[in-house]
Amino acid sequence: MVKKIVAIVLMIVLGVTAVFVLTACGGEKNIAVIGREAGSGTRSAYEELIKNADGEELGDVGMVKTAEELPKTSDVLTKVSTLPTAIGYVSLGSVNDTVKKLSVNGVEATSKNVINGTYKLARPFVIMTNKAMEGKMQALTADFISFLQSRQAQEIVVQEGYVTVASDTDYSAPDVKPAGDAIVIKGSTSVDPLMDKLIAKYLELNGTVSQKDFNKDCQGSSAGKEAAKNDKTGNVIGLSSAAVTDAALATFNIAQDAIAVIVNTNNTLTDITIEQLFDVYSGAVLKFSELTK
């Protein structure tokens with residue numbers, strides 16, 4: 001009986017080992033293409049910026065059918081950090097040490113390189129309100145918007161690693177709390193982390209306001225656009241991580257941001273071209289080894 005048990009255990013162990021060897025020896029795995037879901041401002045900007053040699057945009061071709069489309073920036077970071085074959089893209093300000101940032105066309109994604117124009121994957125962070133509500137915004141929301149357009153807000157933009165749009169206007173908090181309902185903020189998950197910092201600074205400068213005066217729910221740029229367009233009470237702010245041309249919306253840029261291309265930290269790749277990104281995301285290139293030939 002003991003011999004039989006030992007034999008069974010050996011068979012199981014050897015079987016598991018065999019499966020592992022077959023997997024390891026099965027050749028190079030295909031690139032796991034990770035993107036954002038439809039409605040994401042980051043995806044919209046990325047698909048406009050990524051082009052092939054003929055100038056054709058990725059958005060006109062579409063991502064490869066095997067691509068995994070994720071709803072949030074944090075989801076992309078988690079996926080790429082845990083999957084050795086993955087490639088993805090996120091806001092530069094969201095990059096952390098769990099993933100590896102690639103240079104694009106030999107240029108590192110940095111604020112400096114966005115400013116000097118050498119890093120080409122750049123886009124604005126946009127604040128949106130309903131144009132029909134101009135002059136009718138509730139006092140509390142209008143006061144927060146004044147802060148967002150101030151020098152103090154731009155100091156936070158720089159501190160958080162984004163590119164300033166510059167402002168020489170100082171925000172001065174009122175002595176009495178402005179009237180109005182809680183400020184509703186909806187939109188881009190890429191802008192969301194920066195908005196948290198901006199709200200914190202606003203609360204620091206304006207002691208009459210508290211966190212309960214904000215109702216923030218970021219589910220994507222398209223949700224931010226719809227929320228702002230549907231605002232009938234003058235207390236809604238939308239966030240977009242791509243340029244906005246909708247005539248129904250009043251907009252201003254809060255920052256410039258780079259879109260960083262990321263891979264797993266164990267990936268040996270350090271640089272990729274825009275044309276190669278087009279090929280990877282359209283499905284023309286399936287393996288990382290093809291990028292180094």
Side-chain angles (χ1 to χ4, degrees), residues 30-51 56-96 98-99 101-102 104 109 121-128 184-196 216-230 236-246 249 251 254-255 257-264 272 274 277-286:
N30 284 349
I31 299 170
V33 176
I34 310 299
R36 292 292 305 281
E37 65 181 4
S40 159
T42 304
R43 173 172 171 171
S44 175
Y46 186 77
E47 292 189 339
E48 288 178 7
L49 292 165
I50 300 303
K51 303 176 182 181
E56 188 175 24
E57 295 179 359
L58 177 62
D60 294 330
V61 175
M63 284 196 295
V64 62
K65 291 182 179 180
T66 55
E68 187 170 358
E69 301 177 19
L70 301 178
K72 296 182 180 180
T73 299
S74 57
D75 296 334
V76 177
L77 288 166
T78 298
K79 191 71 176 184
V80 174
S81 69
T82 56
L83 185 60
T85 56
I87 188 169
Y89 55 86
V90 295
S91 163
L92 174 60
S94 299
V95 175
N96 56 40
T98 67
V99 294
K101 179 179 65 175
L102 297 182
V104 176
L121 303 187
R123 45 70 185 274
F125 279 177
V126 185
I127 303 297
M128 304 174 287
V184 176
I185 300 176
K186 293 181 178 291
S188 168
T189 63
S190 294
V191 185
D192 191 16
L194 174 60
M195 185 53 61
D196 282 338
K216 183 166 67 67
D217 179 25
C218 292
Q219 299 293 332
S221 295
S222 60
K225 291 176 186 177
E226 288 305 307
K229 288 170 70 172
N230 292 330
V236 179
I237 295 173
L239 310 177
S240 174
S241 55
V244 176
T245 57
D246 196 314
L249 296 171
T251 66
I254 189 65
D257 181 46
I259 299 177
V261 179
I262 57 172
V263 294
N264 189 272
I272 194 166
I274 289 176
L277 285 168
F278 183 96
D279 289 341
V280 168
Y281 273 83
S282 64
V285 165
L286 299 178

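Nothing here was measured: the structure is a model prediction, and the numbers come from that model. Every heavy atom of this structure was used, including side-chain atoms; hydrogens, water molecules and symmetry mates were not.
Residues V76 and G88 approach most closely at CG1-CA, 4.3 Å, considering heavy atoms. Closest non-hydrogen pair, A228 versus L249, comes out as CB-CD2, 3.6 Å. Closest heavy-atom contact between L121 and I274: CD2-CD1, 4.2 Å. Closest heavy-atom contact between L83 and A32: CD2-CB, 3.4 Å.
Going from atom CD1 of I259 over to atom CZ of R123 covers 4.5 Å, rounded to the nearest 0.5 Å. A distance of 3.5 Å separates CG of N96 from OG1 of T98, quoted to the nearest 0.5 Å. Between I50 atom CD1 and E57 atom CD the span is 10.5 Å, to the nearest 0.5 Å. The CD atom of E47 lies 10.5 Å from the CG atom of L49; values are rounded to the nearest 0.5 Å. Taking OH from Y281 and CD1 from I31, the interatomic distance works out to 9.5 Å, rounded to the nearest 0.5 Å. Here CG of D75 is found 10.5 Å from CD1 of I34. Values are rounded to the nearest 0.5 Å.
Under the 4.5 Å side-chain criterion, counting only non-hydrogen atoms from C-beta, S240 is not in contact with F125. For the pair I87/V280, a side-chain contact is recorded, criterion being any heavy-atom separation below 4.5 Å from C-beta on.
Of the candidates L194, V191, V126, I254, V191 is the only one forming a side-chain contact (heavy atoms from CB on, under 4.5 Å) with L239. The only member of L277, V64, V33, D279 that meets side-chain contact (heavy atoms from CB on, under 4.5 Å) when paired with V285 is D279.
One finds a salt bridge joining K216 and D192 here, because a Lys/Arg side-chain nitrogen approaches an Asp/Glu carboxylate oxygen to under 4.0 Å. Salt bridge annotation for E56-K51: absent, with no cationic side-chain nitrogen under 4.0 angstrom from a carboxylate oxygen.
Panel note: side chain S81, backbone L77; a donor-acceptor pair is recorded below 3.5 Å. No donor-acceptor distance shorter than 3.5 angstrom exists from the side chain of S44 to the backbone of S40, with no hydrogens or angles considered. K101 places a side-chain N or O within donor-acceptor distance of the main-chain N or O of A109, the cut-off being under 3.5 Å.
The aromatic rings of Y46 and Y89 sit parallel to each other, their planes meeting at less than 30°, with 60° as the upper class boundary.
Side-chain contact, R36 with T189: a donor N or O sits under 3.5 Å from an acceptor N or O. With hydrogens and angles left out, the side-chain atoms of S241 and S188 include a donor and acceptor closer than 3.5 Å. S221 and R43 share no side-chain donor-acceptor pair at under 3.5 Å.
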Inset, instruction - Mind running side-chain contact (heavy atoms from CB on, under 4.5 Å) on Q219 and K186 for me, showing each step along the way? - result: CA-CA 7 Å; Q219 299 293 332; K186 293 181 178 291; over 6 Å; no

Inset, instruction - Take K225 and V244, measure what side-chain contact (heavy atoms from CB on, under 4.5 Å) needs, and give me the verdict at the end. - result: CA-CA 9 Å; K225 291 176 186 177; V244 176; 4.0 Å; yes

Inset, instruction - Please test S190 against T42 for side chain to side chain donor-acceptor pair (under 3.5 Å), starting from the C-alpha separation and ending with a verdict. - result: CA-CA 7 Å; S190 294; T42 304; 2.7 Å; yes

Inset, instruction - Let me see the working for V263 and V99 under side-chain contact (heavy atoms from CB on, under 4.5 Å), right down to the final yes or no. - result: CA-CA 6 Å; V263 294; V99 294; over 6 Å; no

Inset, instruction - Evaluate the side-chain contact (heavy atoms from CB on, under 4.5 Å) criterion for residues M128 and D246: first the C-alpha distance (whole Å), next the side-chain angles of each, then the deciding distance (0.1 Å), finally the verdict. - result: CA-CA 10 Å; M128 304 174 287; D246 196 314; over 6 Å; no

